[in-house]
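The shown structure was predicted, so the numbers you read here are calculated from the model rather than taken from an experiment. Each residue takes its place number in the sequence, starting with 1.
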Amino acid sequence: MKTGNAIVLAGGFLNTMNAKTTHGLLRGTERFTIQAVIDHAHAGKDAGEVMDGRPCNIPVYGKVVDALSALRSKPDYCIVGVATVGGILPPDMLGEIRFALSQGISIVNGLHDFLGEKPEIVALAAANNATLIDVRKPKSRADLHFWEGDIYKVTAPIVAVMGMDCATGKRTTARFLRDACRAKGHKAEMIYTGQTGWMQGGQYGFIFDSTLNDFISGELEHAIVSCWEETHAEIIFLEGQSALRNPSGPCGPEFLISGNAKKVVLVVPMKREFFDDLPEWGPIPTVESEIALIRAYGSEVVALALNTQGASKAEIEAYQQEYEAKLDIPVVAPLEEGVGRIVEVLM
């Protein structure tokens, strides 16, 4: 299914959550073969080592020109690998994008700042036979679906992977769960709901935050029903977005109600106190209150998945012991131990 080789622009953010699109691509993509990461702050290092201390044999170069001189083959694509507040393209990335286009390299952009609306960039792409792919460009009305109730025909369990804040690892946890189920011989599928999920090769899904509000429920239903009918999946995982109570973009009831997800894996940023780490946005509610809110929607939290950023091994173990005793459900650190214990509960 690979569509070509790619380099990824991380813009100096490789060791931060602003590069979560890059992180997702480094952890796995069926759509592209990642050749290198471009990040001036970490040039000369292994991208995986910078990301989470685990080498992945993908080099980091300071500029696109450096990558082109070092790589054996020219990449087909240059991917914008950052996710900024408001989806705005960092101004200093435009220079790298212009250079890539001048070399005939197509651009994949997952931000709300569409390259296809910048006349200079459009002209440069055309002059060099390159393509501009704005992943978040909204669908036309003719391509949108309204909710119809077909979701109730789906007999496979639908599991929403939801988080207590943005950028906690919902997509990564959903992919881990899908892959772990497949490794045990189960037909598992994942519905992507963000730009990175599409870049990773997702076959079923939509871009949640680019969809006209009236059609979010319908697009979600259409993706789930199409996936179930065409793949005969035994279990379907939904990639959550934002959080139920993040004030910058509360999100989640759609997965529970319109998507009929009766089971939830809740991703908890165990060291984070405030939404998006901003005190003025307010404190993140307790795990217990979030579980109660999800229960009020008619769904059940079957496991916690921990975002362990900034936590020591001892802190992780203590948190797991405390909340497994309190809640009597698995509390798993996906990056450290995988998600096998959650799969055992689901299956």
Engineer: Side-chain donor-acceptor pair under 3.5 Å between E322 and Q320, yes or no?
Structural biologist: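 Note: E322 and Q320 side chains miss the donor-acceptor criterion.
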Engineer: Nearest 0.5 Å, what's the CD-CE distance between Q309 and M17?
Structural biologist: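 Answer for the CD-CE pair, Q309 versus M17, is 6.5 Å.
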Engineer: Please verify the inter-ring angle class for Y323 with Y319; under 30° counts as parallel, over 60° as perpendicular, anything in between as tilted.
Structural biologist: parallel
Engineer: Going by ring-ring contact (aromatic ring centres under 6.0 Å, His included), F208 matches just one of Y192, W198, F255. Which one?
Structural biologist: F255
Engineer: Decide, yes or no, whether a salt bridge links D46 with R54 under the criterion of side-chain N to carboxylate O below 4.0 Å.
Structural biologist: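 No.
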Engineer: side-chain hydrogen bond (donor to acceptor under 3.5 Å, both in side chains), that's the test. Do E315 and T308 meet it? Break it down for me.
Structural biologist: CA-CA 9 Å; E315 287 174 320; T308 58; over 6 Å; no
Engineer: Does either side chain, that of R171 or that of Q200, offer a donor lying less than 3.5 Å from an acceptor on the other one?
Structural biologist: yes
Engineer: Verify whether one side chain among E221 and S258 offers a donor that lies under 3.5 Å from an acceptor in the other.
Structural biologist: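 No pair is found: no donor N or O on one side chain lies under 3.5 Å from an acceptor on the other.
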Engineer: Ignoring hydrogens and geometry beyond distance, is a side-chain donor-acceptor pair present between Q35 and S73 at under 3.5 Å?
Structural biologist: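 There is such a pair (donor and acceptor under 3.5 Å, judged by atom type) between the side chains of Q35 and S73.
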Engineer: In terms of side-chain geometry, is the basic nitrogen of E30 or R175 positioned less than 4.0 Å from the acidic oxygen of its partner?
Structural biologist: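 Yes, E30 and R175 are salt-bridged.
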Engineer: Going by atom types only, do S289 and R245 share a side-chain donor-acceptor pair under 3.5 Å?
Structural biologist: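 Yes, side-chain donor-acceptor contact under 3.5 Å.
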Engineer: Between D150 and K153, does at least one N-O distance fall below 4.0 Å, as a salt bridge requires?
Structural biologist: yes
Engineer: May I ask you to decide whether R182 forms a salt bridge with E189, counting only side-chain N to carboxylate O separations under 4.0 Å?
Structural biologist: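 Salt bridge between R182 and E189, a charged N being under 4.0 Å from a carboxylate O: yes.
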Engineer: Rounded to the nearest 0.5 Å, what separates atom CG in L115 from atom CG in D134?
Structural biologist: 5.0 Å
Engineer: Do you see a donor-acceptor pair shorter than 3.5 Å between the side chains of D165 and T168?
Structural biologist: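 There is no such pair (donor and acceptor under 3.5 Å, judged by atom type) between the side chains of D165 and T168.
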Engineer: To the nearest 0.5 Å, what is the distance between CZ (R98) and CG (L94)?
Structural biologist: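 The CG atom of L94 is 5.0 Å from CZ of R98, to the nearest 0.5 Å.
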Engineer: Is any NZ, NE, NH1 or NH2 atom of the basic residue among E239 and K170 found under 4.0 Å from an Asp or Glu carboxylate oxygen of the other?
Structural biologist: no
Engineer: Looking at D39 and K45, does any basic side-chain N land under 4.0 Å from a carboxylate oxygen?
Structural biologist: no
Engineer: Nearest 0.5 Å please: distance from the CG atom of D214 over to the CZ atom of F146.
Structural biologist: 6.0 Å
